Amino acid sequence: MERLHPEDADAVLAGWKESLAAGTPWRGNYRIRDRDGVYRTVVERGSPVRDADGRILFWVGINLDPEALHAPSGIMEQSGVSVDELLRVTAAILPVGWLDPEDAAVRITVEGREYRSTGFVEAYPRQESSILVHGRVAGRVEISHREGEESFLPDGHSVADAVAARLGRILEQVQPDGNSGRSEENYRLLYEQMLESYTLYEVVRDGDGNPVDYRIVELNEKAADLFSRNRDGLIGRRLFEVFPAIREGARIIYGEVAERGVPVRRRLQEPGSGRWYDLYIFRPESGRLAVVGQEITRQKKAERALKESEERFRGVFEQVGTGIALIDPEGRIRDANPAFVRVFGYSEDELYGMKFCDLSFPPEREAAGPLLQESAPRETRYLTKDGGVIWGRVTTSPLRDQEGEELVIAMVEDVTEWREIQDALFASEERFRKIAQRSFDVIFICHADQGIAYISPAVTRILGYTPEEMLGQRCRDYLLEKAIPGWEEMLGRAERGESVEGSLIEFRRKDGSVAVIEMNSSPVVEGEKVIGVQIIGRDVSERRHYEKLRLQAFEQIEQNIEQFAVLADHIRLPLQVILGMADLLEDGPAPEKIREQVERINAIVKQLDEGWVESREIREFLRRNELI
């Protein structure tokens, strides 16, 4: 194997292993090297069999050029019943190896016996090779072609030489040399165990000489399995009696081969069971018809499944809302679906042949080529036919077509509207962030399961902590113990979807002092579920302190008012007594002096009365304006 396939030995052996494991025929294209060191491309086919001793054999047929020889390889082994039949089959089957088999013909001469294919004409140009058996010329192989030498393979007599050499080796095995029985046994095993079915028919004609049916002369076990009958019970039976359902389909095909002698290959379905067969039909000699075939039902099912898959893909391709284009290795558009046409505004004919990069927005065209090599989704700008600019999310993936060409599937989704929404949202978030970053009040968002998700820089001025220190922490860890019930009440209302204003919550600053924060809270909703709370807080600690001082001052005013009233009442009565006593005294300096001092004291009391009135008026004003 290494001498024959220096480059592909491992691949060939791997193919054989798969064939042995699955029990299916094997086929492959490889390069072989002949004894002169010349390499040739070949098609190889084979099948596993067992000999009489239970050994696994693997028979292989080689076509020397897959373009010139596409007949079933190994056909010489497939006949395998007798030397005469082998030579007849070989002569009949070789012409099909040419692309125009009706112009090719073969004649094989061995030991004076002649075997011809239909249409052999000695006048046509031909190739000849001698058949050597045990070192002597036992015959020759002649291949003729109506069109002359240009129809033969470029490397001379390779086909004729290969056929002659193979026939020589077979004839050596069946010549009397002590091993003929063993050779006949091995060929019988090949005939019986090969995976292809083989059936030999005798043509049955009507009174006008037209072929109307085919009597079974010989068949192997594989063919008997296809008939679902015992082989001995099939010998002598007519084909259309056994399979009447195929009469209409097979009558014309079999009749043409029987009449014209031109081999054909057909795929036919048995109407009754629905099974499919790949048949090679040829005329080994006048009046007989041979059929080599194998069941391909699985293959047909696979082909049908592939076709259905392709039809489904085509349906998706045509109806999906995402634009899809098929790109060739040069970056040109091979195919585009209706959605792709709608996105860019070009017709299918206009898109065909355009380069995919030509659709890109001009400043981004240089990056469009490498973009086809990336598989991750990417957003980029494109130019439509009317000159508009759109945003597209493009995803690419490689694809190998049936001819092995590397293509690229490009899927483009128009995300212009989504992009505009995202840009507007981003701008809004930026504005919010700038406001929050510069706000005098602290703004923070608490998630139920993540703690503080965001907190503005104002927290440093109010509580002394940096935002980084508080992110991910629980708010309640910074509260005074007595403030926790009020905090939990506010969160409970937020969980019910309520907004709360004016909650006063006491926090512990980083330096240990207490800050009173007045809070307005609202729920954070995602998918109709409350996931947290958003809070705006203002430090009202100083205001609360001054309010206490103001209340203390108002209390003092109240006390003063009361004292003024008491003092005035307590002073007036003694003054009246003193003034009455002065009136009882004789005129003189003393009474006058007493009266003067009483008037002075009355003036002071009058001032106290006026202060009391003014204090009351101030108190009423403060109360009216809700400052107390």
Side-chain angles (χ1 to χ4, degrees), residues 63 68-73 75-76 78-79 85-108 114-121 124 143-147 151 196-220 222-223 226-227 234 236-272 275-296 300:
N63 284 345
L69 291 176
H70 48 73
S73 60
I75 192 62
M76 290 183 294
Q78 289 180 2
S79 58
E85 187 172 357
L86 170 65
L87 295 175
R88 284 196 303 271
V89 170
T90 303
I93 202 68
L94 277 179
V96 82
W98 275 258
L99 295 176
D100 46 357
E102 65 276 3
D103 293 331
V106 173
R107 178 171 65 183
I108 301 175
E114 191 175 280
Y115 308 90
R116 293 190 181 197
S117 66
T118 303
F120 182 83
V121 178
Y124 291 163
I143 303 176
S144 69
H145 200 281
R146 179 180 300 177
E147 299 299 326
S151 300
E196 286 87 352
S197 66
Y198 175 82
T199 308
L200 182 64
Y201 298 97
E202 179 185 353
V203 180
V204 179
R205 300 179 182 274
D206 60 13
D208 297 328
N210 299 316
V212 294
D213 210 335
Y214 304 89
R215 184 179 291 105
I216 300 173
V217 176
E218 182 63 61
L219 74 165
N220 63 0
K222 193 68 176 180
L226 296 182
F227 282 99
L234 289 169
R237 295 286 301 278
R238 292 188 179 188
L239 173 63
F240 297 148
E241 291 178 355
V242 179
F243 279 140
I246 70 170
R247 179 188 297 272
E248 292 302 318
R251 181 176 56 83
I252 297 176
I253 299 172
Y254 282 36
E256 288 183 354
V257 177
E259 289 294 282
R260 299 175 57 196
V262 179
V264 297
R265 168 169 252 153
R266 289 288 186 273
R267 288 186 170 185
L268 300 176
Q269 185 179 27
E270 180 190 343
R275 292 185 295 184
W276 281 89
Y277 299 97
D278 184 13
L279 304 178
Y280 181 72
I281 309 163
F282 61 96
R283 188 177 71 185
E285 60 181 292
S286 179
R288 290 199 171 190
L289 201 70
V291 179
V292 178
Q294 60 183 5
E295 185 177 353
I296 57 169
K300 290 294 293 185

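Just so we're clear, the structure is a prediction, and the values are computed from it rather than from any experiment.
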Side-chain atoms of residues 202-209: list all donor-acceptor pairs with protein atoms under 3.5 Å, sequence neighbours left out, distances to 0.1 Å.
unit_1 : atom_1 : unit_2 : atom_2 : d
Arg205 : NH1    : Gly209 : O      : 2.8
Arg205 : NH1    : Glu259 : OE2    : 2.7
Arg205 : NH2    : Glu259 : OE2    : 3.3
Asp206 : OD1    : Asp208 : N      : 3.0
Asp206 : OD1    : Gly209 : N      : 3.0
Asp206 : OD1    : Asn210 : N      : 2.8

Check whether any side-chain N or O of Ser117 sits under 3.5 Å from a backbone N or O of Val106 as a donor-acceptor pair, and report yes or no. yes
Sub-3.5 Å donor-acceptor pair from the side chain of Thr199 to the main-chain atoms of Leu219, do we have one? no
Point-to-point distance, once rounded to the nearest 0.5 Å, from CD1 of Ile246 to CD1 of Ile253: 9.5 Å
If you measure from CG on Leu279 to CD1 on Ile296, what distance do you get to the nearest 0.5 Å? 8.0 Å
Please collect all salt bridge (Lys or Arg N to Asp or Glu O under 4.0 Å) contacts where either partner lies in residues 280-293, sequence neighbours excluded, each pair once. Arg88-Glu285
With sequence neighbours excluded, residues passing salt bridge (Lys or Arg N to Asp or Glu O under 4.0 Å) with Arg267: Glu303
Residue set satisfying salt bridge (Lys or Arg N to Asp or Glu O under 4.0 Å) with Asp278, at least two apart, ordered chain then number -> Arg265
What closest approach, in Å, do [X] and [Y] show between heavy atoms, and which atom pair accounts for it?
| X | Y | value |
| --- | --- | --- |
| Asn220 | Ser197 | OD1-CA, 3.7 Å |
| Pro284 | Leu200 | CG-CD1, 3.9 Å |
| Phe282 | Val292 | CE2-CG2, 3.9 Å |
| Pro211 | Gly255 | CG-CA, 4.0 Å |

Decide side-chain contact (heavy atoms from CB on, under 4.5 Å) for Ile216 and Tyr201; before the verdict, give the C-alpha distance in whole Å, the side-chain angles of both, and the deciding distance to 0.1 Å. CA-CA 5 Å; Ile216 300 173; Tyr201 298 97; 3.6 Å; yes
Could you tell me which residues satisfy ring-ring contact (aromatic ring centres under 6.0 Å, His included) with Tyr254, sequence neighbours excluded, listed by chain and number? Tyr214
